[in-house]
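We count ligands from 1, going down the list as the structure has it; atoms in each ligand are counted the same way. Worth saying up front: this structure is predicted, and the values here are computed from it rather than measured.
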Amino acid sequence: MFKKILIANRGEIAVRILRACRELGIRSVAVFSEVDRKSLHVRLADEAYAIGPAPSRESYLRIDKLMAVAQRTGCDAVHPGYGFLAENPALPRACGEAGITFVGPSAEAMEALGSKTAGRQLARRVDVPTVPGTNDPTDKPQAQTLAQRLGYPVLLKAVAGGGGKGMRLVYSDAEFESAFRDAASEAMNAFGDERLYLEKYLERPRHIEIQILADAHGRVVSLGERECSVQRRHQKVIEEAPSPIVTPELRRKMSEAAVTLARAGGYLNAGTMEFLVDQNLNFYFLEVNTRLQVEHPVTEQVTGLDLVKLQIAIAAGHRLPFAWETITPRGHAMEVRLYAEDPENSFFPSPGRILSHHVPSGAGIRLDEGVYEGWTVPNDYDPLLSKLIAWGNSREETIARLRRALEEYTITGIRTNAGLFRRILEESEFLRGEIHIRWLGEFLRGPRAASSISLEDHAADSKEAQRAAAIAAAIWQANQRAAQTSSASSDRENGSRWKLEGRREQLDRSP
Ligand code: MV4
């Protein structure tokens, strides 16, 4: 087993990982940027080292600095968490060159499965269902012919895309030409790659994913599904396991598909296969996430497994001690993501100092967080504060516990989206489990607008929200500066709003 692990991350996930290390008797090494000097992960780790200024490009994304710390402190493994470098093949490569174990898949598997079209082609090869459409990048006349054959609406997607960028929804033949041109030029601008592919558009599918683990001895197991349909602008908000609609038979079929894909891609360690599931319970493979995910705790609660410890054991060459056919979810788990943001004000980030904080506890409650009273939530990263996870014997008991825990949860000094969850957890459609990927957007807009929302609206909203968030953050920072009159002399960076906005736009949103 390893002696010392470098945690190449921050916030709640760094805390989650160092806790697993401590239980395994492994020393933990934290890294931190200038604004994270007082962060919880720094306080709880066995050792902590500064790696640069606040912007992640100059700190958490600097492979050279991370490797230097790992080597200097004698680490024998690196855990990337999620976000930042977690899915960048350059990190496992750098680890390989330094003789340090990367806790995750190989660079090759990341490349084989991480890219959208590569994953889609692999799925076709091994007969895992994908959404009807093209396998390869396609030109305009070819794509239009296919669109006519498939029937509208269709979705144009950028080969280099991800997270909904460079997608165009096309409702009719008349719009096809201009949509194709727009999508191609948007893809060119965003990724330097204008290639597109095309899929039949699924109107109101669910987003359901399968958690897998693969060890170095050829065993690949499925830990079942997570239902992640409640999301807003490609940002998941509530996740649960099991899915309210997945039957044992569908679980077995989706698990077999996920395990087949992992084997075909030479996958090692924890990974997630994302699927869309339609009203008739047909499932379609979408993409692979080659990392531990934010929502992994719901799987832990219903399987009783510790995914981070298993990741570390797999990386150390241990065998998985069970076959997936023996794993059935027990009870129900649900997670809400508490963010420092203001739902009353277009979900603007709301960083700042936490004046008071009371954490819920009691039966069936787990809180994974990276904050504490008196700490200032920095403006430079994803504003995820806490993940509140409830477990119960039934979905109803789980929801009742989650509601109860949300009432106990208090945090002052910053705004959070806790109120949004109180609303969602009262909503009858949600309580009946009648959710899909557009459900939350429609719920937030109210019933009137529900029928007329297009993907373009989502994209436009997303851009608008980014700009608005940039401005809000700049104003917040300007106010902070004004309040700190005594420290004016040490104000090395000038307070230019434009600079701040630029920085804000480079913020990392973890998936
Ligand atoms: C789709 C789709 C409907 N039909 N493909 C969004 C980002 C990228 N990962 C794939 N996405 C989608 N692909 C077809 N053929 C709807 C989405 C989609 C989505 C998927 C999963 C989770 C949230 C989503 C939110 C909006 C759109």
Any donor-acceptor N or O pair under 3.5 Å, side chains Arg226, Thr272: yes

Option nearest atom 16 (C) of ligand 1 (shortest heavy-atom distance, choices Leu440, Ile437, Asp278): Ile437

Whether Lys157 lies under 4.0 Å from ligand 1, heavy atom: yes

Arg120 to Tyr197, cation-pi by 6.0 Å centre distance and 45° axis angle: no

Close approach, Val154 and ligand 1, non-hydrogen under 4.0 angstrom: no

Nearest-0.5 Å distance, CD of residue Glu194 to CG of residue Asn189: 10.5 Å

Contacting atoms of ligand 1, where contact means under 4.0 angstrom from a heavy atom of His234: 6 (C), 7 (C), 24 (C), 25 (C), 26 (C), 27 (C)

Numbering as shown, the atoms of ligand 1 that approach Val131 to under 4.0 Å (heavy-atom distance): 15 (N)

Backbone or side-chain N or O of Gln231 under 3.5 Å from ligand 1 N or O: no

Gln142 vs Thr134 side-chain heavy atoms within contact, under 4.5 Å: no

Leu202 N/O to ligand 1 N/O under 3.5 Å: yes

Close-contact set for ligand 1 against Lys200 heavy atoms, below 4.0 Å: 4 (N), 14 (C), 15 (N)

Tyr409 OH to Leu338 CG distance, which is reported to the nearest 0.5 Å: 4.5 Å

N/O separation below 3.5 Å, His207 to ligand 1: no

Residues which pass ring-ring contact (aromatic ring centres under 6.0 Å, His included) with Tyr60, listed by chain and number, not counting sequence neighbours: Phe84, Tyr381

Atoms of ligand 1 close to Glu199 [distance to a heavy atom under 4.0 angstrom, numbered from 1]: 5 (N), 14 (C), 15 (N)

Test side-chain contact (heavy atoms from CB on, under 4.5 Å) applied to Arg395 and Asn393, Ile399, Thr398, the passing residue: Ile399

Nearest-0.5 Å distance, CZ of residue Arg337 to NZ of residue Lys236: 6.5 Å

Which of the ligand 1 atoms, numbered from 1, are nearer than 4.0 Å to a heavy atom of Met167: 6 (C)

Heavy-atom gap Lys236 to ligand 1 smaller than 4.0 Å: no

Atom indices of ligand 1 within 4.0 angstrom of Tyr201 heavy atoms, with elements: 3 (C), 4 (N)

Test ring-ring contact (aromatic ring centres under 6.0 Å, His included) applied to Phe180 - qualifying residues, sequence neighbours left out: none

